[in-house]
Amino acid sequence: MNPTLTLVLSALALGLPTAGFALNAVTAGRLPRRLVALMGPGVVLGSFVATLVLLASMLMQAPSRRGVTVTFWNWLTASTTAGSGVTAHSGLNAAFSVRIDPLSVLMMLVITGIGGVIHVYSVGYMAEDPGFNRFFAYMNLFITSMLTLVMSNTLVFLIIGWAMVAFASYALIAFWYERPSAVVAGRKAFITQVIGDVGLVLGAFLIFLNLRGPGGRLLHTVDLQVIFANVGPGAHFHNGLGPLGGGMVTAIGILLFLGAAAKSAQWPLHTWLPDAMEGPTPVSALIHAATMVTAGVYLVARFHPIYQQAPIAAGLVAVIGIGTALMAGVIGCTQFDIKRVIAYSTMSQIGLMIFAVGVGAYSAGMFQFFTHACFKALLFLAAGNVIHALHDDQDIRSMGGLSRRMRWTFVSFTVGALALAGIPIFAGFFSKEELLGQGLALGPAVPWLWVIGVSINVLTSFYIFRVVWVAFFGEARSANAEHAHEAPPLMLIPVVVLAGLATVVGFLNIDFAGFAPVTVFQAFLQPVVGVPAAHASALVDGMALLAGVLLSLFGVGVVWAVYGKGLVSREFIPQHAPWLYQLSFRKFYWDEIYDATLVRPSVAMAVGVRRLVEPGVFDAAVSGVRDAVASLGSDLRTFQTGFVKDYALWFFFFTLLGVVLLGLRLT
Amino acid sequence: MSWPILTVTLLVPLVGALLVLALPAQRGRAIRLVLVGVTALTLGLTCVLLVAYLAVPSAAASRLTGSANGQSLSGIHSPVTFQFQEQVSWVQSGPSLSHLHAAFNEGNSAFNQASPPPINFSYHLGVDGMSIWLLALAALLFLVAAVVLSKRQERLRSFAALMLLSEVGVIGVLTSLDLILFYFFWEAALIPLYFLMIGWGDERRGRAALKFIIYTVAGSLFMLLAIIGVYFVTGAQTGVYTFDVPTLIAAQAFVETTHATSFSLFGHSFALLNPQDWLFLAFALAFAIKVPLVPFHSWLPDAYSSGRTPFLVFFAGIVSKLGAFGFIRYNLTLFPQASHTFQPLLMGLATASILYGALAALAQSDIKRVVAYASISHLGFVVLGIFALNVNGLNGAIIQMVNHGIVIAALFICVGVVEARFGTRNLRELGGLAKPMPVLAGLFLVATLAGLGMPLLNSFVGEFLILLGSFQVSPVWAVLASLGVILACWYMLRLYQGLTQGDLRLPGPDGVPQVLQGVAGRLGRVDVGPVEVAALVPLVALMILVGVFPAPVIHLGRFSAAQYVQAANRPTATNPAQASARGLTAPGGAP
């Protein structure tokens with residue numbers, strides 16, 4: 001790839017949304033709405049075009065030459081070299097350089113492509129909002145930040161992008177800042193993200209301070225390519241633990257995953273995501289479905305050279321991923337807020353991706369990311385149409401019968417649901433089939449993994465078709481639902497486009513009846529993540545495929561039986577297993593647990609500091625000194641004349657006296 | 001620099017103060033004009049200095065440029081070098097560093113000889129890559145303070161004159177290269193600050209000023225003793241009696257610092273503190289009070305919450321940095337071994353400040369006290385970086401001093417505007433101000449984000465380097481300090497969101513907050529005016545500029561940072577032979 005062309009194109013891809021943000025920010029809402037309506041989506045789509053050109057120029061190269069690094073500017077140089085008199089080898093040097101390779105281009109395509117579609121949709125969705133310009137400022141900022149995250153070639157700018165998306169996410173969750181619940185949700189999301197950032201930063205420190213190059217020399221580098229080139233199976237991080245990897249590389253893997261868990265809403269840092277649904281629906285589609293929440297998957301895939309050296313950390317990643325997937329699936333079955341159901345579905349799906357990259361099925365995880373971005377954005381935007389039509393009512397219990405009134409939205413939502421459930425020909429079918437097949441081939445061959453995988457499949461199709469049934473079928477259960485209208489074209493066309501994508505993108509991963517051992521998608525990512533270490537046998541593949549489809553259909557069948565025909569009472573679980581229902585409905589009580597163990601103790605400590613320690617310890621000490629001085633000073637009050645020059649005179653007199661006396665004594 | 005730029009920089013505010021006093025008190029406009037002009041001129045001079053410093057070839061700095069007492073000093077290096085030095089001898093008697101040099105060449109016998117205690121002190125100014133940034137910061141913040149100073153401020157003339165006098169003191173502290181001169185300016189800055197504190201502010205200002213003066217005078221006293229102690233200890237061991245800072249720094253290589261005595265208890269051997277340790281602690285106490293570090297901080301919340309905004313801009317912005325500056329300039333260079341001995345203590349206190357300040361900030365309902373405790377927490381980071389005693393930590397500390405000054409000034413202006421408009425500082429009585437004050441909310445948001453360490457804003461650079469540096473010492477420090485980062489996010493958002501978001505809330509007539517809906521338009525023009533915008537926009541622009549392009553700041557500072565690290569880590573010797581064996585420059589080496 002031509003470095004100059006790459007530099008220009010990646011600068012365009014990054015610069016356009018940045019310019020959009022800057023213009024909106026500097027003018028502080030004074031730009032005319034029509035201009036913002038053009039500029040906001042325009043810059044993102046421009047960025048998408050630049051990415052497409054990058055992709056094209058990349059595909060013209062041989063696979064081994066599809067990675068190129070370009071540097072924008074030198075961010076800082078804290079080290080000094082031998083020539084200048086003092087040397088400081090361990091000083092941090094960091095440049096803003098970007099890496100253009102298949103993995104980052106894939107991410108960029110989704111961010112700017114799906115992001116662009118969502119921006120167009122937002123023009124319609126936010127049309128009546130007084131904060132229109134602010135909304136597009138933050139949306140553009142998010143695109144810039146997310147692009148920085150995936151394009152960065154240094155640890156430092158990875159961290160910068162990592163934290164900036166958290167801010168953009170915060171600003172958009174708390175976009176309707178008059179709502180106290182939105183304000184609280186935004187803060188919760190931000191603080192959780194900062195916890196993750198700290199993990200990422202500490203992991204980066206460990207890499208920076210401990211990575212050794214050839215000859216055992218400490219590298220002190222933040223350049224990702226240099227790091228990955230030196231992580232290999234040599235002695236660079238290992239310190240004698242054999243195939244399990246060293247303690248160091250395991251610690252790095254776990255710390256990095258702390259960042260990934262916060263971003264991707266994985267246990268134990270998952271509780272912010274459902275609350276984040278306080279933000280406008282396009283935000284949920286862009287940030288909390290298609291892009292930001294998948295940054296954790298990207299991180300593990302990008303850092304796979306490290307995770308390959310750290311089986312313990314990678315195993316932990318996989319276990320947390322599949323565990324979160326199961327938990328979120330269970331919770332999703334009992335929620336009534338349409339967006340929250342989709343949010344828990346996102347958490348569950350990302351759990352699966354995290355599981356996949358944890359066991360080493362990188363391209364399968366990334367493919368699931370790709371299809372998921374399409375169909376989950378679709379689900380959110382279609383849900384957004386419903387919410388818009390119902391005047392911001394998000395409770396599925398007050399919907400019903402919408403399939404007649406909002407036909408296009410209904411069809412699109414159903415396409416999304418089919419894709420999510422993994423019904424054949426829709427995108428999710430291909431990605432989930434590959435993910436489960438490879439995950440089971442690479443992961444430990446233990447029965448419980450099968451059971452969990454199977455359960456997630458059933459749960460997924462159950463909770464999403466429960467929404468389809470309750471919201472779109474039956475009778476309207478509220479006045480709003482009765483008077484609902486189909487969305488305007490500006491909001492409908494993006495939804496239909498995404499529905500089309502959710503139908504076709506899966507075919508990128510067909511292996512054409514075994515002619516090619518690797519699929520198109522796998523071949524594309526191969527230069528970065530390699531091919532899977534193990535292939536699922538035809539038997540396993542076939543079983544995964546069959547089981548996946550049948551179990552998804554089983555889940556749909558259950559919904560049909562419960563909500564369609566009423567064969568089984570809806571109260572069956574609440575009555576027969578109330579603890580299970582409560583556990584699911586109360587989201588496994590994690591909010592309550594964190595509140596009791598982290599939030600309240602911190603607040604109690606803070607209040608204690610303010611009420612007890614400050615006055616009781618520190619102020620009391622000063623008062624004591626003051627009183628002692630005051631009793632002494634009452635005799636000396638004659639000196640207190642109130643004139644500055646008197647004080648100054650005394651001051652210098654005593655200073656001089658002190659100098660002289662001490663001088664005499666010490667000699 | 002052929003003309004004495006540092007002296008001129010020092011004199012401009014002094015002349016300005018006299019000029020202000022010469023004006024009639026009722027001519028508020030003219031006083032303000034002079035004030036802004038003088039502070040702007042000072043800022044201009046420091047900018048000239050910055051540009052000139054860029055032109056200094058970095059290789060020139062590994063020699064002691066200039067000369068102490070007119071003698072050439074080739075062969076003996078001060079690890080820290082200073083530029084734009086100006087030196088006028090005031091009192092001079094007895095042997096100087098050349099004596100040391102001679103003794104060094106002759107061998108051990110010339111050391112420790114009894115010599116009469118001479119007095120060597122001079123008017124000696126100079127800057128390095130650290131102080132030059134603090135100088136620029138000080139000049140900037142005094143200008144910003146001058147801009148936000150209302151011409152309707154009561155007793156404007158006195159305020160302006162005292163402000164300029166404290167600027168003289170601050171610049172003096174930052175530029176003086178003689179301990180006596182340094183001490184003079186240190187105290188000289190204190191007096192106008194005290195009167196500014198007691199003369200203007202809310203009803204608790206008297207108590208605040210008293211606390212401040214008790215603390216700082218106590219600290220200064222110990223520092224004075226230590227200055228005298230350094231003079232005699234260094235003199236007694238090397239024969240060089242001087243207050244000259246570069247000479248003292250160079251001479252420390254020959255000062256005996258081994259623990260001479262130790263006692264044994266329960267089978268453990270405990271070293272008794274040697275004189276160097278005591279002197280270190282005395283300096284450290286004065287600086288720890290000024291910063292402040294946690295057990296010595298209780299003057300700060302009162303002082304910061306009762307003061308007027310223009311006062312707080314430079315008081316919080318620059319005066320607190322003088323403590324950190326002192327740690328770097330004096331503790332690290334004069335007591336290298338003690339710096340290592342007390343590294344855990346100082347890093348511990350710094351971490352305690354970070355966490356304690358953060359927790360205290362979390363529970364305050366007074367918006368100025370939130371910022372005050374936040375400042376304690378942030379300055380804990382600076383000291384943590386300093387006593388990491390490595391390149392990353394010190395680079396981070398230097399840039400973070402500048403960052404903190406910019407951020408804290410902006411935060412105080414923001415909360416000051418809110419206080420001025422609505423007459424309350426109670427967080428519970430305020431809320432939803434983004435509706436009536438969108439511009440303030442926007443600028444305040446950037447300052448908030450900078451305060452919580454958001455990347456691509458300035459504080460991130462410093463905090464990242466400081467965390468990295470402290471991680472190099474021990475991961476424990478970095479992990480504890482990063483808890484402070486998480487808490488910072490919490491308390492800064494609590495402040496920002498509490499003020500600007502949620503329902504519009506304003507103080508009601510009987511102390512009960514009123515929740516207002518849909519009346520934002522009826523509040524009239526409450527958003528920031530042109531003066532506040534003029535003060536805030538440069539600060540916010542700097543936050544972004546330094547965050548996106550930190551390289552220039554680091555570039556000027558990193559060389560000095562490396563030198564300070566070298567100074568703190570240099571081998572100390574009990575005799576010249578040992579010094580030589582440990583890799584110090586051989587006597588009579590290449591010039």
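Heavy atoms only: backbone and side chains are in, while hydrogens, waters and symmetry mates are out. Chain letters run A, B, ... following the sequence lines, proteins first, then strands; residues in each count from 1.
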Problem - chain A contact via B:Val553 - side chain, backbone, both or neither, heavy atoms under 4.5 Å - result: neither
Fill in the blank from the handout: So, the part of B:Pro550 with a heavy atom under 4.5 Å from chain A: the answer is both
Per-pair distances, 0.1 Å, donor-acceptor, side chain in residues 155-165 of chain A, under 3.5 Å, sequence neighbours excluded:
none

Fill in the blank from the handout: On a heavy-atom basis, the closest approach of A:Ala174 and B:Gln497 is CB-NE2, 4.5 Å
Handout entry: Close side-chain approach of B:Trp490 and A:Val603, heavy atoms under 4.5 Å
Key = yes
Practice task
Hey, can you tell me if A:Phe205 and B:Phe464 have their rings parallel, tilted or perpendicular (30° and 60° cut-offs)?
Solution key: perpendicular
Exercise for the section: State, to 0.1 Å, how close A:Arg610 and B:Ser365 come at their nearest heavy-atom pair, and which atoms those are. Expected result: NH2-OG, 3.5 Å
Problem - Segment of A:Val599 engaging chain B (4.5 angstrom heavy-atom cut-off) - result: both
Problem - Segment of A:Phe96 engaging chain B (4.5 angstrom heavy-atom cut-off) - result: neither
Problem - Segment of B:Leu445 engaging chain A (4.5 angstrom heavy-atom cut-off) - result: side chain
Problem - Interchain contact, B:Val565 with chain A, by part (heavy-atom threshold 4.5 Å) - result: neither
Fill in the blank from the handout: For B:Ile554 and A:Ala78 the tightest heavy-atom approach is CG2-CA, 4.0 Å
Handout entry: Region of B:Tyr194 in contact with chain A, defined by heavy-atom distances below 4.5 Å
Key = neither
Practice task
Go through B:Ala478, B:Ala434, B:Ala360, B:Gly432 and name the one with the most non-hydrogen pairs under 4.5 angstrom from chain A.
Solution key: B:Ala434
Handout entry: Heavy-atom contact with chain A under 4.5 Å, split by part of B:Pro295
Key = both
Practice task
With sequence neighbours excluded, tell me which residues meet side-chain hydrogen bond (donor to acceptor under 3.5 Å, both in side chains) with B:Tyr564.
Solution key: B:Asp128, B:Arg329
Problem - Max heavy-atom pair count under 4.5 Å with chain A, selected residue of B:Leu456, B:Val479, B:Val485 - result: B:Leu456
Problem - Side-chain heavy-atom pair B:Cys489, A:Gln193 within 4.5 angstrom cut-off - result: no
Completion exercise
By residue number, those in residues 196-204 of chain A with heavy atoms under 4.5 Å from heavy atoms of chain B are A:Val198, A:Val201, A:Leu202
Handout entry: Among the listed options B:Leu449, B:Leu465, B:Leu221, B:Leu362, the residue most often paired with chain A at heavy-atom distances under 4.5 Å
Key = B:Leu449
Practice task
Please flag which part of A:Ser602 lies under 4.5 Å from any non-hydrogen atom of chain B: side chain, backbone, both or neither.
Solution key: both
Practice task
Please report the shortest heavy-atom distance between A:Leu92 and B:Asn392, naming the atom on each side.
Solution key: N-OD1, 2.8 Å
Problem - Residue part contacting chain A, namely of B:Leu487, when any heavy atom lies under 4.5 Å - result: neither
Handout entry: chain B contact via A:Leu209 - side chain, backbone, both or neither, heavy atoms under 4.5 Å
Key = side chain
Problem - Part of A:Val613 within contact of chain B (heavy atom distance under 4.5 Å) - result: both
Exercise for the section: Heavy-atom pairs under 4.5 Å with chain A are the metric here; pick the option from B:Val548, B:Asp302, B:Asn395 that has the most. Expected result: B:Val548
Practice task
Mind ranking A:Met605, A:Glu178, A:Arg187, A:Arg611 by heavy-atom pairs under 4.5 Å with chain B and telling me who comes out on top?
Solution key: A:Arg187
Fill in the blank from the handout: Applying side-chain hydrogen bond (donor to acceptor under 3.5 Å, both in side chains) to A:Thr192 and not counting sequence neighbours gives none
Problem - Atom NE2 of B:His555: over 12 foreign heavy atoms under 6.0 Å - result: no
Exercise for the section: Answer with side chain, backbone, both or neither: which region of A:Trp75 has an atom nearer than 4.5 Å to a non-hydrogen atom of chain B? Expected result: both
Completion exercise
Closest heavy-atom pair, B:Leu493 versus A:Phe190, reported as atoms and distance to 0.1 Å, is CD1-CD1, 3.5 Å
Problem - Under 4.5 Å from any heavy atom of chain A - which part of B:Phe460 - result: side chain
